[in-house]
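First the structure, in the form of structure tokens, and then the observations on it.
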Amino acid sequence: MTDQASAETGPAAVPRHELDRDTTCVPRPDAPGTYDTTLSPDWAFGMGLNGGYLLALAGRALGAALPHPDPFTITAHYLTTSHPGPAEVRTEILRAGRTLSTGTARIVQDDETRVHVTASYGDLAGLDPQVRTDARPPRLPSPEECAASFADVAPFRRTTFMDRTEQLLDPATAGWLAGKPSGRGEMRAWWRLADGREPDPIALLLAVDALPPTAFDLGLRGWVPTVELTVHVRARPVPGWLRVSLTTRNLAGGYLEEDGEVWDSADRLVAQSRQLARAPRPREV
């Protein structure tokens with residue numbers, strides 16, 4: 001369970017923040033490792049629910065089932081589209097070690113597995129603080145400059161999912177909004193949750209899949225369903241804006257990859273991701 005969610009006390013307590021409310025998992029007394037939940041329509045994007053939201057929900061259930069608190073590596077396969085409504089998260093502990101524990105989670109609706117997740121959890125607070133890296137945070141204009149660049153673009157500003165988050169796109173990766181994609185397959189933005197919830201490892205699982213698809217910057221528009229998404233959580237983020245950077249280097253056979261990085265306000269690389277997604281078909285002119 002996330003730190004912010006666990007701040008609520010009592011069985012009837014209602015989480016203060018939307019992400020915690022909509023990833024609530026209630027353990028089923030008659031089925032150990034199984035949690036009842038409700039998939040919220042507030043996180044709908046495209047033709048189904050956002051993959052990052054579903055991963056965050058499964059991640060929260062695994063955090064309750066496993067003896068370690070934080071996802072280190074977590075991989076989801078999206079078998080079929082999930083829809084708003086009642087669901088179960090069925091978890092299984094595969095191994096519980098001293099520093100890492102591994103388990104699986106399945107999001108099930110109508111007796112059909114919608115998402116299958118495998119993850120290893122540990123304690124991010126206990127990691128060696130030494131960092132050796134040549135990675136650098138993405139260079140973005142200030143949040144104010146990014147906001148001013150497309151404040152009046154209604155299609156970007158108003159969707160059910162977008163209302164849950166604030167994401168201020170780097171103008172260099174937002175040309176597709178005006179019908180002028182760069183063709184580079186890049187997307188960068190300042191990102192945070194709209195209701196003031198500060199980032200934590202569960203929020204990072206959402207952040208890596210929260211920006212518009214890089215396919216838009218390639219000049220392709222339409223639904224881009226995720227097939228598989230892997231996230232490595234490297235550190236607990238400090239409060240403040242996150243910077244999210246996504247890139248696609250290869251679109252082939254109708255599928256593309258997105259490599260992601262998430263940096264916190266202390267200039268630390270706090271999460272890395274890679275996903276395989278189905279590309280929309282080019283529109284005929």
Side-chain angles (χ1 to χ4, degrees), residues 1-2 5 18-28 31-66 70-94 101-121 160-161 164-165 200-211 213 223-233 246 255-258 260 262 271-279:
M1 184 176 294
T2 69
E18 293 172 326
L19 182 60
D20 298 322
R21 177 198 69 197
D22 295 337
T23 57
T24 296
C25 296
V26 180
R28 184 177 292 177
T34 297
Y35 300 83
D36 288 318
T37 190
T38 300
L39 305 184
S40 170
D42 289 345
W43 303 91
F45 195 87
M47 298 176 65
L49 294 172
N50 173 261
Y53 161 65
L54 295 170
L55 185 59
L57 187 149
R60 185 167 172 190
L62 281 166
L66 294 170
D70 302 314
F72 277 22
T73 176
I74 184 166
T75 297
H77 286 85
Y78 298 86
L79 281 62
T80 185
T81 304
S82 300
H83 300 286
E88 298 175 356
V89 185
R90 301 175 184 174
T91 67
E92 180 183 359
I93 299 175
L94 301 180
S101 54
T102 300
T104 64
R106 293 187 296 125
I107 298 177
V108 179
Q109 279 187 312
D110 303 322
D111 291 324
E112 183 176 5
T113 298
R114 308 289 189 180
V115 184
H116 189 282
V117 175
T118 303
S120 290
Y121 274 55
T160 301
F161 176 78
R164 311 276 76 77
T165 69
D200 68 355
I202 293 298
L204 295 177
L205 304 184
L206 170 66
V208 298
D209 195 42
L211 301 191
W223 192 35
V224 187
T226 302
V227 176
E228 180 266 341
L229 172 60
T230 294
V231 184
H232 296 164
V233 178
L246 303 175
Y255 292 84
L256 57 83
E257 95 290 342
E258 280 191 355
V262 183
Q272 297 167 282
S273 67
R274 167 165 277 205
Q275 72 167 279
L276 181 70
R278 194 162 63 238

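Just the heavy atoms: all of them, side chains too, but no hydrogens, waters or symmetry mates, feed the values below. Computed from a predicted model, the values in this text were never measured in an experiment. The first residue in the sequence is number 1, and the count goes up from there.
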Without swapping roles, check the side chain of [X] against the backbone of [Y] for a donor-acceptor pair under 3.5 Å.
X	Y	result
Gln275	Glu257	no
Tyr121	Gly59	yes
Tyr53	Ser40	yes
Asp110	Glu112	no

Check whether any side-chain heavy atom of [X] lies under 4.5 Å from a side-chain heavy atom of [Y], and answer yes or no.
X	Y	answer
Thr113	Ile107	no
Phe161	Leu49	no
Trp43	Arg164	yes

Got a salt bridge between Glu88 and Arg28, using NZ or NE/NH1/NH2 to carboxylate O under 4.0 Å?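 Yes, charged N to carboxylate O under 4.0 Å.
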In Å, rounded to the nearest 0.5 Å, how long is the span from [atom1] of [X] to [atom2] of [Y]?
X	Y	atom1	atom2	result
Arg90	Thr104	CZ	OG1	11.5 Å
Thr24	Asp22	OG1	CG	7.5 Å
Leu54	Leu206	CG	CG	10.0 Å
Thr75	His116	OG1	NE2	11.0 Å
Thr91	Arg106	OG1	CZ	10.5 Å
Gln109	Thr37	CD	OG1	10.0 Å

Looking only at side chains, do Arg60 and Thr23 share a donor and an acceptor under 3.5 Å apart?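 Yes, because at least one side-chain N or O of Arg60 sits under 3.5 Å from a partner of the opposite role on Thr23.
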If we count only N and O atoms by modelled type, under 3.5 Å, do the side chains of Thr226 and Glu228 hold a donor and an acceptor together?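 Checked: Thr226/Glu228 side chains show no N/O donor-acceptor pair below 3.5 Å.
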Please name the pair of heavy atoms, one in [X] and one in [Y], separated by the smallest distance, quoted to 0.1 Å.
X	Y	answer
Val233	Pro71	CB-O, 3.1 Å
Val117	Ala58	CG2-CB, 3.8 Å
Leu276	Tyr255	CD1-CB, 3.9 Å
His232	Thr73	CD2-OG1, 3.3 Å
Leu62	Ala119	CD1-CB, 3.8 Å
Cys25	Val89	SG-CG2, 4.4 Å

Going by the salt bridge (Lys or Arg N to Asp or Glu O under 4.0 Å) test, which pairs reach into residues 38-50, not counting sequence neighbours?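 Every salt bridge (Lys or Arg N to Asp or Glu O under 4.0 Å) pair that includes a residue of residues 38-50, provided the two are not neighbours, is Arg21-Asp42.
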Please report the C-alpha distance between Asp209 and Leu55 in whole Å, then the side-chain angles of each, then the deciding distance to 0.1 Å, and finally whether the side-chain contact (heavy atoms from CB on, under 4.5 Å) criterion is met. CA-CA 9 Å; Asp209 195 42; Leu55 185 59; over 6 Å; no
Determine whether Ile74 and Leu205 satisfy the following criterion, side-chain contact (heavy atoms from CB on, under 4.5 Å), listing intermediate values before the conclusion. CA-CA 9 Å; Ile74 184 166; Leu205 304 184; 3.7 Å; yes
Might you work through the side-chain contact (heavy atoms from CB on, under 4.5 Å) test for Leu39 and Leu57, ending with a clear yes or no? CA-CA 9 Å; Leu39 305 184; Leu57 187 149; 3.7 Å; yes
